[in-house]
**Q** 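Have a look at this one.
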Protein chains: 2
Amino acid sequence: MSQTVDRALSILPLLAEGPADLGQVADRLGVHKSTALRLLRTLHEHGLVFRQSDQRYRLGARLFALAQEAVENLDVREIAHPHLLALNEKCGHTVHLAVYEEQEVLYIDKVESRYPVRMYSRIGKPVAITVAAVAKLLLADFPEAERRAVAEKLDYPAYTSRSTPNAAAFLKELALVREQGWATDLGGHEESINCVGAPIRGADGRVVAAMSVSAPNVVVTAEELLRLLPLVRRTAEAISREYSGAVPDARNAL
Amino acid sequence: MSQTVDRALSILPLLAEGPADLGQVADRLGVHKSTALRLLRTLHEHGLVFRQSDQRYRLGARLFALAQEAVENLDVREIAHPHLLALNEKCGHTVHLAVYEEQEVLYIDKVESRYPVRMYSRIGKPVAITVAAVAKLLLADFPEAERRAVAEKLDYPAYTSRSTPNAAAFLKELALVREQGWATDLGGHEESINCVGAPIRGADGRVVAAMSVSAPNVVVTAEELLRLLPLVRRTAEAISREYSGAVPDARNAL
DNA sequence: CGAGCGCGTTGCAGAATATGCAACGTTCAT
DNA sequence: ATGAACGTTGCATATTCTGCAACGCGCTCG
């Protein structure tokens, strides 16, 4: 829509391929050298482009700073909330959103079940980290060494007979979760409550949050709850997409 | 230099602070809404800006993709080389550049000593990982858990009486290196050779490479070599700056 | 239920802005 | 020393962007 800006922005992917000098930029843009120079200057003033010692242009630090700042100021909860509401509309059960922070997994959002029987949980409250589906999802994304380190430091309270008993079992479960891309908690925290969860990923593919649907046995059986898995995963993926900033569509030169 | 582009680019840091709607963007830019709309559209076409479900604008995925691609296509060696040459000019000793890759530390560049007595090393050759200054610098930047995991898997050959003897000593040394921001190897690999090294960091502060100056005892004593430390560190910092894409200068609106 | 408000969007005419040209200055290699 | 390659500048032209005003849409409030 705006030719000048369009041209200027076209320089960025071009430089992402590697450093280039003025002539190369001008050629690939199909404009006069002087035009390319002025565009590069403007990009330079904004720090998006940088001139290395051999005079060639490169993408600059501000680009990274921007990306970083944007990520920091991103609020998963804000983005996820409407999706969680929609999911709750469809299935009626309690929906949770959780993140990992300072050795803990915390609920940061919750949509209450529309059934009379509700489960106990509170936003801001640490999750039972060894059994909760959301905790497994968040920890499963850690690099192997950290996973081991964390698993060994944890306590393994026997909430129920199905709670994760020890570090070895936990690590095995994490490996499974990591591979399949979703997690469950079948009566591991409270005998009568089951959960299915899926991860929410950032633009770099790393897990930034996890969501789950929970319901007591008296409302739906574990099998029925598992049937919601595709829906849960699709919701998580929708949130991931929006959180990451959508898909980059086909680029057309010039 | 180019008003239109200037305005368009000014939108980016603005959105980095958090999502904003058309009116807010127009206000903060000091332009008419229709102008802001067209600029945002152009940014949108390039994927730098994204429209979330509540209609507000946010920084888009392409920004992250660009930053990532730029990093991948960055060649530390290419950027570092002139600096290494300059350092060699000043001190005359052998200068090394190394990176960590696949469980190994590899020399990727070297400027030979101008003294007749040279040390043996070859570009592409794995470094003695438990003793070399560059190896310590690279590993010291790892998160604690990974550091432990790596340290425990290593062998600790006794090249000399001053070689790192075991994992515990190595981890202690890494902690020191991490804190002080530089490293040495005083006769740990070959009895008569000393090194001082400093880390090269990317825009995010993480260590991407390490450089060192090495010299045999017969040319300079360890004390004399250590006197070069400030010079080595300054060189490493200069490379870091250029590798990161320079400093973002003060922003002036409009 | 209807009016009013806020917000995003479009077409248009005027004017500011970007463009290409040609010429100059430097640096580097021959 | 000479030439080529590259980045850089001033300027006149016209292309491109801008602001305005009006429209459409969805919401809220009366």
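We name chains A, B, ... by the order of the sequence lines, and we start the count at 1 in each one. The figures that follow rest on heavy atoms only: side chains count, while hydrogens, waters and symmetry mates do not.
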**Q** When Val213(A) is tested against each of Leu228(A), Thr235(A), Val111(A) for side-chain contact (heavy atoms from CB on, under 4.5 Å), which residue passes?
**A** Leu228(A)

**Q** Return the nearest nucleotide to the side chain of Leu39(A); candidates are dG19(D), dT19(C), dG8(C).
**A** dT19(C)

**Q** Identify whether any heavy atom of Arg56(B) sits under 4.0 Å from a base atom; if not, whether one sits that close to sugar-phosphate; answer base, sugar-phosphate or nothing.
**A** nothing

**Q** Nearest to the side chain of Arg7(A) - dT8(D), dT9(C), dG20(C)?
**A** dG20(C)

**Q** Do any N or O atoms from the side chain of His93(A) and from the backbone of Ser214(A) form a donor-acceptor pair under 3.5 angstrom?
**A** no

**Q** To the nearest 0.5 Å, tell me how far Leu226(A) CG sits from Trp182(A) CH2.
**A** 6.0 Å

**Q** Quick one: on DNA chain D, does Thr4(B) or Gly23(A) contact a more 5' nucleotide (nearest heavy atom)?
**A** Gly23(A)

**Q** Between Gln24(A) (CD) and dC6(D) (P), how many Å, whole number?
**A** 9 Å

**Q** Starting at the 5' end of DNA chain C and moving along, which residue's nearest nucleotide shows up first, Arg38(B) or Ser34(A)?
**A** Arg38(B)

**Q** Need one value for Arg41(A): base, sugar-phosphate or nothing, where a base atom within 4.0 Å counts as base even if backbone is also close, heavy atoms only.
**A** sugar-phosphate

**Q** How far does CD1 of Ile108(A) sit from CE of Met211(A), to the nearest 0.5 angstrom?
**A** 11.5 Å

**Q** The side chain of Leu37(B) lies closest to which of these nucleotides: dT9(C), dG20(C), dT8(D)?
**A** dT9(C)

**Q** So, does His32(B) get its side chain near the phosphate of dT18(D), meaning an N or O under 4.0 Å from OP1 or OP2?
**A** no

**Q** Of Thr35(A) and Tyr57(B), whose closest DNA chain C nucleotide lies nearer the 5' terminus?
**A** Tyr57(B)

**Q** Under 4.0 Å between any heavy atoms, over every strand shown, what does Ser2(B) touch: base, sugar-phosphate, or nothing? Just pick one.
**A** sugar-phosphate

